[in-house]
Amino acid sequence: MKTVIVGANDAGQRLDKFLSKTFRGLPSSLMYKAIRKKDIKRNGKRCQINDRLEEGDILTLYLHDEVLGEARPVYDFLTASRQLDIVYEDDHVLLLNKKAGLLVHPDEHEYRDTLITRVQRYLYEKGTYDPEAENSFAPALVNRIDRNTCGIVIAAKSAAALRILNDKLKRREIRKDYLCLIHGLLTEKEAVLEGYLEKNETQNRVYISSRPKDGARRIATRYRVLGEKDGLSLLEIELLTGRTHQIRAHFASIGHPLVGDGKYGTNAQNKGTGFHHQALCSYRLTFDFETPAEELEYLRGRSFALSDIWFLPPFLTGMKRILPPEGPVPGL
């Protein structure tokens, strides 16, 4: 027999989802059978697979330990780096300045040292995250950015914050503004680019077209030119749609790839810049809530911005390289 008390971070989940996360070795077929046969009870009573759990609920499982197959705690995150650039922190959220080159989540090449494992290590060593006290929740990232893009990433420290922020992101009530450097000068200094984006999973890249086509999704990218120097342009970007590689591919499609971008630009264009990855930063984040935010209502209207952006100093002081003649580059 096993008894589990539902904590605050587990409340609101369906019973079957909670059990699957908590007892990873428990086969789904056996779990559903045990619920039907009342071998799993909630507060001593019969329960249903779609019951929504509440904080303080007591679940009793009349099953053998070897069947439950409880996952033993393995804290791989303790091998992650302690290096974190924290922009803001409170009891519910962390805002982090992710540096270019750092993965946000593990992949097949890097498992231990990522932004999320660094966050989990930080909170664990701070004493605000105890994996043994949690049945199914772990601190998680709300948004993500490419490995070689820098900028603000939100981490949720509680299940309630994660639920609310995921909903706000889906509703587009969290605004993200970007800075980037592009090759060339734009004729229009402020505009909205529109197009259609098609993703190629095998190549891990996207393609932009000006007309609708099967499998392509509409995109819209608003930009404003902030400065021009040495044949380059500094832009502020607002994503009106959020698609994979949207900024990089959209500007490349009109003949103005991002400086340093080897995927959507060319080595010839980037030669001599000293930039080894794209000059792109998600530099400002605004909690632009239009609907109730429950526990996070205090964040409504607040905005956070980065001041230390790696590609701004070389742009402002002048790029030391052979440059094409000044003048607008065709494309807009």
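Quantities reported herein were computed from a predicted structural model and do not represent experimental measurements.
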K41 meets the salt bridge (Lys or Arg N to Asp or Glu O under 4.0 Å) criterion, sequence neighbours left out, with none
E228 and L234: CA distance, side-chain angles, deciding distance, side-chain contact (heavy atoms from CB on, under 4.5 Å) verdict
CA-CA 6 Å; E228 299 171 336; L234 175 66; over 6 Å; no
Worked check of side-chain hydrogen bond (donor to acceptor under 3.5 Å, both in side chains) between S209 and E198:
CA-CA 8 Å; S209 59; E198 183 178 12; over 6 Å; no
Give me the other members of the hydrophobic cluster that V192 sits in, counting Ile, Leu, Val, Met, Phe, Trp and Tyr linked by side-chain heavy atoms under 4.5 Å, directly or via other members.
L240
Hydrophobic cluster of Y264, others only, ordered by chain and residue number, side-chain cut-off 4.5 Å:
L197, V206, I208, I219
Do you see a donor-acceptor pair shorter than 3.5 Å between the side chains of [X] and [Y]?
X	Y	answer
Q269	T266	yes
H277	D146	no
Q278	T149	yes
K99	Q83	no

To the nearest 0.5 Å, what is the distance between [atom1] ([X]) and [atom2] ([Y])?
X	Y	atom1	atom2	answer
L78	T117	CG	OG1	10.0 Å
S158	E295	OG	CD	7.0 Å
L181	S233	CG	OG	8.5 Å
I35	L30	CD1	CG	10.0 Å

Which side-chain N or O atoms in residues 49-59 pair as donor and acceptor under 3.5 Å with protein atoms at least two apart or in another chain?
from	atom 1	to	atom 2	distance (Å)
D51	OD2	Q48	N	3.0
R52	NH1	G12	O	3.0
D57	OD1	N43	ND2	3.0
D57	OD2	R42	NE	2.7
D57	OD2	R42	NH2	2.8
D57	OD2	E54	N	2.9

In this structure, is the centre-to-centre distance between the rings of W310 and F275 below 6.0 Å?
yes
Do you know which two heavy atoms are closest between [X] and [Y], and how far apart they sit?
X	Y	result
P313	I309	CD-O, 3.3 Å
V119	P139	CG1-CB, 4.5 Å
K157	D90	NZ-O, 2.7 Å
R14	D16	NH2-OD2, 2.8 Å
L306	S282	CD1-O, 4.2 Å
I145	G151	CD1-N, 3.6 Å

Quick one: does any side-chain atom of [X] pair with a main-chain N or O of [Y] as donor and acceptor, under 3.5 Å?
X	Y	result
N270	G260	yes
D288	R175	no
Q246	T241	yes

Is the [atom1] atom of [X] crowded by more than 12 outside heavy atoms at less than 6.0 Å?
X	atom1	answer
I86	CD1	yes
K189	NZ	yes
K37	NZ	no

Less than 4.5 Å apart, side chain to side chain, heavy atoms only: is that true for [X] and [Y]?
X	Y	answer
I152	R284	no
E89	L95	no
V225	E190	no
E125	R82	yes
I182	L232	no
F251	L193	yes
L94	I154	no
C281	Y178	no

Residues forming a side chain to side chain contact (heavy atoms under 4.5 Å, CB included) with [X], sequence neighbours excluded:
X	result
A140	L162
T79	R112
Y207	N200, Q203, R205
H105	I116, L141, R144

Full working for side-chain hydrogen bond (donor to acceptor under 3.5 Å, both in side chains) between N204 and H245
CA-CA 10 Å; N204 187 30; H245 297 177; 4.7 Å; no
Assess whether side-chain contact (heavy atoms from CB on, under 4.5 Å) is satisfied between R217 and Y196, documenting all intermediate values.
CA-CA 5 Å; R217 305 178 72 181; Y196 296 87; over 6 Å; no
Could you walk me through whether D10 and V4 pass the side-chain contact (heavy atoms from CB on, under 4.5 Å) test, one step at a time?
CA-CA 11 Å; D10 300 316; V4 178; over 6 Å; no
Kindly indicate, with the supporting measurements, whether the criterion side-chain hydrogen bond (donor to acceptor under 3.5 Å, both in side chains) is fulfilled by E188 and Y223.
CA-CA 10 Å; E188 292 187 62; Y223 74 85; 5.3 Å; no
According to ring-ring contact (aromatic ring centres under 6.0 Å, His included), who are the partners of F289, at least two apart in sequence or on a separate chain?
F287
With sequence neighbours excluded, what pairs up with H92 under the ring-ring contact (aromatic ring centres under 6.0 Å, His included) test?
none
Taking only residues two or more places apart in sequence or in another chain, which ones pass side chain to side chain donor-acceptor pair (under 3.5 Å) with R300?
E297
Would a hydrophobic clustering, with Ile, Leu, Val, Met, Phe, Trp and Tyr connected at side-chain separations under 4.5 Å, put [X] with [Y]?
X	Y	result
L103	F77	no
Y88	I174	yes
I40	I5	no

One pair to check against side-chain contact (heavy atoms from CB on, under 4.5 Å): K168 and R163. What are the steps and the verdict?
CA-CA 9 Å; K168 295 302 182 188; R163 173 181 55 80; over 6 Å; no
So which pairs with a foot in residues 302-314 pass salt bridge (Lys or Arg N to Asp or Glu O under 4.0 Å), sequence neighbours left out?
none
